[in-house]
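See structure below.
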Amino acid sequence: MTRGDVQTRLTRVFREVFRNGDLELQDSVTAKDVAGWDSLNHVKLVLAVEAEFDCRFTLREIGRPQNVGDLMDLILKKVG
Amino acid sequence: MEITSITFLIPVILLGTLHPLLRALAWRQAALAGLNLVCAAILLRTWPAAAALLAFLASGYAMALLLRRRPRRAYLAGYLLLLVGTFAYLKNYSFLELLLPSGLLGRGLVWVGISYMLFRQIHFLVDQYQGNDDPLDPWTYLHYQISIFSLVSGPITRYQDFHEDWHRLEPTWASRAELLTAYARIWIGVIKVLALGALCNHLYILAEPLWTAGSSLTELQRWSRAACMFYAYPLYIYFNFSGYCDIVIGLGRLYGLRVPENFHKPFLSRNMIEFWTRWHITLGAWIKDYLYTPALRATLTWFPRTGANLAFACYFLAFFVAGVWHGSSWNFVLYGLLQGLGVSAAKLWEMFLTRWLGREGHQAYLASRPLRWAATGFNFHYFCLTCVVFGLNVPALRQLAATLTARP
């Protein structure tokens with residue numbers, strides 16, 4: 001799976017979780033840049049990402065990503 | 001041994017100043033290990049406490065090794081149940097009176113920093129169970145738990161960060177200015193504890209007649225002392241605790257240890273959710289990572305359609321536990337209830353505003369300065385209220401209530 005593939009699928013996940021069909025993702029995007037990205041929606045996002053990519057994050061990994069780029073790196077590491 | 005005492009600070013600062021001159025990592029580790037062990041020995045005071053600590057550390061490390069080889073949920077759950085139960089028993093939590101016959105209640109056997117060690121232990125073992133590949137060795141684990149820069153009152157450090165620092169112990173400053181800042185931070189911490197905190201404590205003590213023998217006070221005396229108590233005690237806790245953190249953060253830098261920040265302008269928080277990201281930051285982070293997130297995750301999994309509406313309950317549970325963790329008497333149960341109420345109410349308010357105003361309206365609400373200041377003022381006073389309960393046991397709270405409501 002390429003980084004581009006991850007970005008495409010992750011964008012779809014973000015748009016569903018945050019109910020924003022216009023959302024575009026870049027590596028530098030953080031929680032402050034996305035309306036509604038609070039701790040509740042972060043966990044919803046994690047569950048949705050896990051379902052999309054068939055992986056499971058540890059508690060440490062859930063809190064680690066500082067931005068979308070970090071999240072994509074983590075997904076790539078998980079799905080190999 | 002007080003962290004702010006000259007008998008502690010001068011030798012530790014001197015040793016910290018010489019520490020970077022030790023060329024070999026093994027020597028730097030040995031020096032810091034010696035410091036940790038000497039301080040731990042002084043603080044432990046009794047052989048039973050030392051034996052209990054040894055059992056705690058040995059069992060934790062053994063469980064980590066077991067979880068590495070066989071990461072079974074039953075092992076982790078069983079050990080954590082035993083750990084938390086033993087902790088509650090050794091600290092003589094008041095609620096045990098409801099569960100155990102009086103003959104079985106313990107006399108209490110604790111050592112300094114036990115509450116912080118408990119959370120470090122849980123984090124360490126949960127991470128091992130979940131397969132985080134932190135290198136394990138007993139010497140690093142021992143010093144992670146007894147490091148003098150987090151032993152007494154935290155901060156709640158993470159094993160992986162400590163491991164990285166312990167196997168380097170190199171100066172954390174890039175310039176002489178940064179080094180001087182570390183020294184300055186130590187002394188700023190001392191001033192906070194010994195001057196500002198002590199002043200606030202003195203003001204707080206002036207209010208003592210309110211909960212001891214308040215009936216002889218005039219109404220003006222009652223309410224002026226109540227105001228002293230209401231505002232001075234939270235400030236005392238802030239100066240005392242943040243000052244201690246300044247000291248250990250500054251000292252840690254001398255030895256090459258990155259002790260995490262624990263306070264960041266907490267009284268500027270607009271609600272209790274934000275408050276716990278600014279006050280006792282490492283506790284808030286631990287509660288979020290190891291209580292709130294797993295609870296919310298389970299809730300959203302079991303109730304996919306309605307789980308989001310139950311998020312406030314996860315907040316309540318997590319911060320109720322945070323409150324109760326602070327102490328073993330019944331007033332800390334009240335403190336936990338108030339903390340849980342504060343964060344869950346903040347969450348419910350946010351959910352209400354989002355539904356009422358829509359996303360954009362909510363963003364405009366958050367951006368409004370007057371509203372922010374109003375919310376900050378309200379939140380500060382709410383925190384002051386929780387501190388009333390934090391500082392007094394139940395009989396004293398009853399006397400306080402009686403004194404304040406008595407007719408002149």
Side-chain angles (χ1 to χ4, degrees), chain A residues 9-26 28-68 70-80, chain B residues 71 122-134 158-161 271 273-274 276-277 284-304 307-315 318 343-344 346-348 350-351 354 358-364 366:
Chain A
R9 292 167 70 179
L10 193 62
T11 301
R12 191 169 61 237
V13 170
F14 265 75
R15 286 176 177 175
E16 281 173 19
V17 171
F18 296 104
R19 296 180 190 168
N20 182 349
D22 299 324
L23 198 55
E24 293 294 338
L25 295 184
Q26 287 102 37
S28 58
V29 167
T30 68
K32 287 182 186 173
D33 303 317
V34 180
W37 192 348
D38 56 12
S39 55
L40 164 59
N41 280 326
H42 184 74
V43 177
K44 287 168 85 172
L45 177 66
V46 165
L47 288 173
V49 169
E50 288 179 342
E52 174 67 26
F53 294 96
D54 192 26
C55 62
R56 189 170 170 93
F57 297 115
T58 65
L59 290 177
R60 190 192 299 183
E61 287 169 341
I62 289 172
R64 187 184 292 164
Q66 297 297 306
N67 54 39
V68 167
D70 291 345
L71 179 57
M72 286 201 282
D73 291 339
L74 184 59
I75 294 168
L76 281 165
K77 185 182 164 192
K78 284 283 189 185
V79 300
Chain B
I122 293 173
H123 136 70
F124 174 66
L125 291 174
V126 168
D127 278 18
Q128 290 303 316
Y129 164 73
Q130 292 197 324
N132 289 288
D133 55 355
D134 306 315
R158 301 292 174 101
Y159 177 77
Q160 63 272 24
D161 298 328
N271 58 45
I273 295 176
E274 184 181 347
W276 282 104
T277 66
W286 191 99
I287 291 292
K288 181 184 158 194
D289 289 346
Y290 294 97
L291 269 183
Y292 171 72
T293 296
L296 181 60
R297 189 189 181 128
T299 303
L300 291 174
T301 302
W302 295 336
F303 309 104
N309 295 328
L310 297 172
F312 73 93
C314 297
Y315 271 114
V343 292
S344 55
K347 188 63 193 172
L348 283 170
E350 181 191 306
M351 290 164 69
T354 305
R359 281 259 165 89
E360 285 183 11
H362 186 223
Q363 293 299 315
L366 292 175

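Every value quoted in this text rests on a predicted model; they were computed, and no experiment measured them. Sequence lines set the chain letters: A, B, ... in the order given, protein chains first and strands last, and positions in each chain run from 1.
- Using a 4.5 Å heavy-atom cutoff, the side chains of A:V43 and B:T293 are in contact.
- Closest approach of A:R60 to B:Q130, counting heavy atoms only: N-OE1, 4.4 Å.
- B:E360 does not touch chain A: none of its heavy atoms, backbone or side chain, sits under 4.5 Å away.
- Looking at B:Y129, there are no atoms closer than 4.5 Å to chain A (heavy atoms on both sides), in backbone or side chain.
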Carefully, step by step, assess B:L296 and A:L40 under the rule side-chain contact (heavy atoms from CB on, under 4.5 Å).
CA-CA 8 Å; B:L296 181 60; A:L40 164 59; 3.8 Å; yes

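- For A:T11, there are no side chain to side chain donor-acceptor pair (under 3.5 Å) partners, not counting sequence neighbours.
- Open room surrounds CZ on A:R19; 12 or fewer heavy atoms of other groups in view lie less than 6.0 Å from it.
- Heavy atoms from other residues, nucleotides or ligands lying under 6.0 Å from NZ of B:K288 number 12 at most.
- With a threshold of 4.5 angstrom between heavy atoms, A:L59 approaches chain B through its backbone and through its side chain.
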Kindly determine whether A:E50 and B:R297 satisfy side-chain contact (heavy atoms from CB on, under 4.5 Å), including the steps that lead there.
CA-CA 12 Å; A:E50 288 179 342; B:R297 189 189 181 128; 2.5 Å; yes

